[in-house]
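Structure record follows, encoded as structure tokens.
Atom set for the values below is all heavy atoms of this structure, side chains included, hydrogens, waters and symmetry mates excluded.
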Amino acid sequence: MSKKNKAKAQKYSAVLAFDDNTLAQSLFGAHSAHLVQVEQALDVVIIARGAELTISSNDAQALDRASRVLEGLYDRLEQGANVETQEVAAALRMIDKPGGSAKNLNMEVRTKKRVISPRSSNQAAYLNAIDKSELVFGIGPAGTGKTYLAVAKAVERLICGDVDRIILTRPAVEAGEQLGFLPGDLKEKIDPYLRPLYDALHDMMPDEQVARRLESGTIEVAPLAFMRGRTLANAFVILDEAQNTTAVQMKMFLTRLGENSRMVVTGDLTQVDLPRGIRSGLRDARGILQNTKGIEFIEFDATDVVRHPIVTRIVTAYDKVEKQRKRSAPYEDDDA
């Protein structure tokens with residue numbers, strides 16, 4: 001036997017047997033599509049016989065990861081949830097990181113219109129942090145679910161009666177909320193900048209409920225400047241696009257936290273639009289508050305991007321170039 005053939009023969013293997021044949025077929029997918037998805041992602045070979053799977057690989061870690069993915073997805077099916085291509089992809093992302101578990105996929109945020117589950121280990125950690133901490137920072141690139149999951153949690157808390165209102169805010173205009181040059185009244189001026197927050201709300205609740213709660217003030221969507229001088233009690237407060245706050249604005253916002261309230265601050269430090277020489281309030285807060293009790297920082301990266309797969313590749317490509325630029329001219333990032 002040649003060395004090459006010997007290497008092929010030296011495979012690790014594992015057998016997974018599932019109790020419910022119907023659930024097992026849902027796990028495998030139509031024409032074993034889900035198994036093929038796992039095979040291609042982890043470079044393993046999976047053979048199905050009835051409700052039993054034999055997994056083999058030259059890599060013991062790949063074998064372990066494949067087993068954990070499939071067991072986690074089966075557990076999801078046992079709980080009555082569905083498994084489609086996107087759930088398989090999410091489970092694969094979750095076991096990429098040390099200590100990651102596909103069972104995190106079974107966490108749920110329930111809103112009026114949908115049930116939302118985390119799609120990566122960092123998303124699961126983010127939801128856990130929001131549950132247990134009064135102030136959470138979600139920092140990372142676009143498409144990682146920072147704002148969407150925060151709004152989902154806010155809506156869930158409002159529906160359950162844990163808070164009396166939701167307040168969603170962001171800097172209305174990059175580089176300083178200078179709205180005067182825009183046409184229309186104040187609402188018409190600021191609405192385009194707050195549109196992502198409205199979109200998330202409409203994803204979670206029927207349109208008529210969103211409209212009614214906005215009119216009654218149960219949900220408030222406002223530019224950051226409107227937060228000054230207020231104490232936000234019994235509220236779930238989200239500051240989006242926080243990288244475009246100044247240090248003064250960030251301190252002002254954080255000190256609005258009142259009794260029985262939660263705050264979530266989201267932003268992407270690679271997308272700072274402040275004028276040169278003005279330090280981002282988000283960067284400032286991360287440096288000052290990193291080890292403060294009761295405050296959690298969740299750092300997302302390109303592996304957490306859950307939009308179209310090409311978005312992950314775009315984020316990765318830009319990150320690579322930015323790191324090269326920092327090495328060649330580190331002073332250029334001082335105020336970014």
Side-chain angles (χ1 to χ4, degrees), residues 8 11-97 99-124 127 143-145 148-149 152 200 202-204 302-316:
K8 284 185 176 179
K11 288 185 176 181
Y12 301 94
S13 65
V15 176
L16 300 180
F18 301 104
D19 297 331
D20 188 314
N21 188 65
T22 301
L23 293 183
Q25 297 313 307
S26 297
L27 172 66
F28 303 166
H31 308 293
S32 297
H34 299 160
L35 302 183
V36 172
Q37 194 175 348
V38 175
E39 284 182 321
Q40 293 176 344
L42 299 178
D43 194 21
V44 298
V45 175
I46 305 174
I47 298 173
R49 292 187 182 88
E52 185 176 282
L53 295 177
T54 300
I55 311 170
S56 58
S57 176
N58 283 325
D59 184 339
Q61 289 186 340
L63 178 68
D64 175 66
R65 291 165 68 195
S67 297
R68 287 190 286 125
V69 164
L70 293 164
E71 288 170 342
L73 290 170
Y74 185 78
D75 184 60
R76 177 178 173 82
L77 288 165
E78 285 189 310
Q79 295 185 32
N82 67 321
V83 168
E84 303 293 345
T85 301
Q86 59 266 32
E87 279 77 36
V88 179
L92 288 164
R93 277 194 297 271
M94 286 183 175
I95 50 87
D96 269 341
K97 296 184 183 293
S101 171
K103 291 185 178 181
N104 284 334
L105 189 64
N106 298 329
M107 297 173 60
E108 292 182 341
V109 182
R110 293 186 173 273
T111 68
K112 290 287 188 182
K113 289 179 70 172
R114 61 182 59 201
V115 176
I116 298 153
S117 298
R119 290 291 185 258
S120 71
S121 293
N122 279 335
Q123 286 194 357
L127 292 176
T144 51
Y148 193 82
L149 290 175
H202 284 283
D203 245 13
M204 312 295 172
T303 63
D304 299 302
V305 173
V306 292
R307 293 179 180 171
H308 191 287
I310 199 170
V311 176
T312 302
R313 296 194 286 274
I314 291 170
V315 171
T316 301

Name the atoms and distances for all side-chain donor-acceptor pairs under 3.5 Å in residues 30-49, with sequence neighbours left out.
{"from": "His34", "atom 1": "ND1", "to": "Ser26", "atom 2": "O", "distance (Å)": "3.4"}
{"from": "His34", "atom 1": "ND1", "to": "Leu27", "atom 2": "O", "distance (Å)": "3.0"}
{"from": "Gln37", "atom 1": "NE2", "to": "Thr85", "atom 2": "O", "distance (Å)": "3.1"}
{"from": "Glu39", "atom 1": "OE2", "to": "Ile46", "atom 2": "N", "distance (Å)": "2.7"}

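- In this structure a side-chain-to-backbone donor-acceptor pair under 3.5 Å is present from Gln25 to Gly50.
- With hydrogens and angles disregarded, no donor-acceptor distance shorter than 3.5 Å links the side chain of Gln79 to the backbone of Arg76.
- Here Leu127 contributes atom CG and Asn122 contributes atom CG; the two are 11.0 Å apart, rounded to the nearest 0.5 Å.
- Taking CG of Leu23 as the start and CD of Glu78 as the end, the distance is 6.5 Å to the nearest 0.5 Å.
- With no hydrogens or angles considered, no side-chain donor-acceptor pair links Thr144 and Asp304 at under 3.5 Å.
- Taking all atoms of both residues into account, the shortest heavy-atom contact from Ala124 to Pro118 is N-CB, 3.6 Å.
- A donor-acceptor pair shorter than 3.5 Å cannot be found between the side chains of Tyr12 and Asp64.
- For the atom pair CG of Leu16 and OH of Tyr74, the computed distance is 11.0 Å after rounding to the nearest 0.5 Å.
- Looking at every heavy atom in both residues, Gln61 comes nearest to Asp59 through N-OD1, 2.8 Å.
- Of the possible polar contacts, one joining the Ser117 side chain to the Met107 backbone as a donor-acceptor pair under 3.5 Å is found.
- Considering all non-hydrogen atoms of both residues, Arg93 and Val305 come closest at NH1-O, 4.4 Å.
- Atom CZ of Arg119 sits about 9.5 Å away from atom CG of Leu149, to the nearest 0.5 Å.
- A distance of 11.0 Å separates CG in Leu92 from CZ in Arg68, rounded to the nearest 0.5 Å.
- Atom CG of Leu63 and atom OG of Ser56 lie 8.0 Å apart (nearest 0.5 Å).
- In this view, Phe28 satisfies the ring-ring contact (aromatic ring centres under 6.0 Å, His included) rule with no residue, not counting sequence neighbours.
- Smallest separation of non-hydrogen atoms from Ile55 and Ser67: CD1-OG, 3.8 Å.
- Using modelled atom types, one side-chain atom of Arg114 and one backbone atom of Asp203 make a donor-acceptor pair closer than 3.5 Å.
- Other residues, nucleotides and ligands contribute at most 12 non-hydrogen atoms within 6.0 Å of the NZ atom of Lys112.
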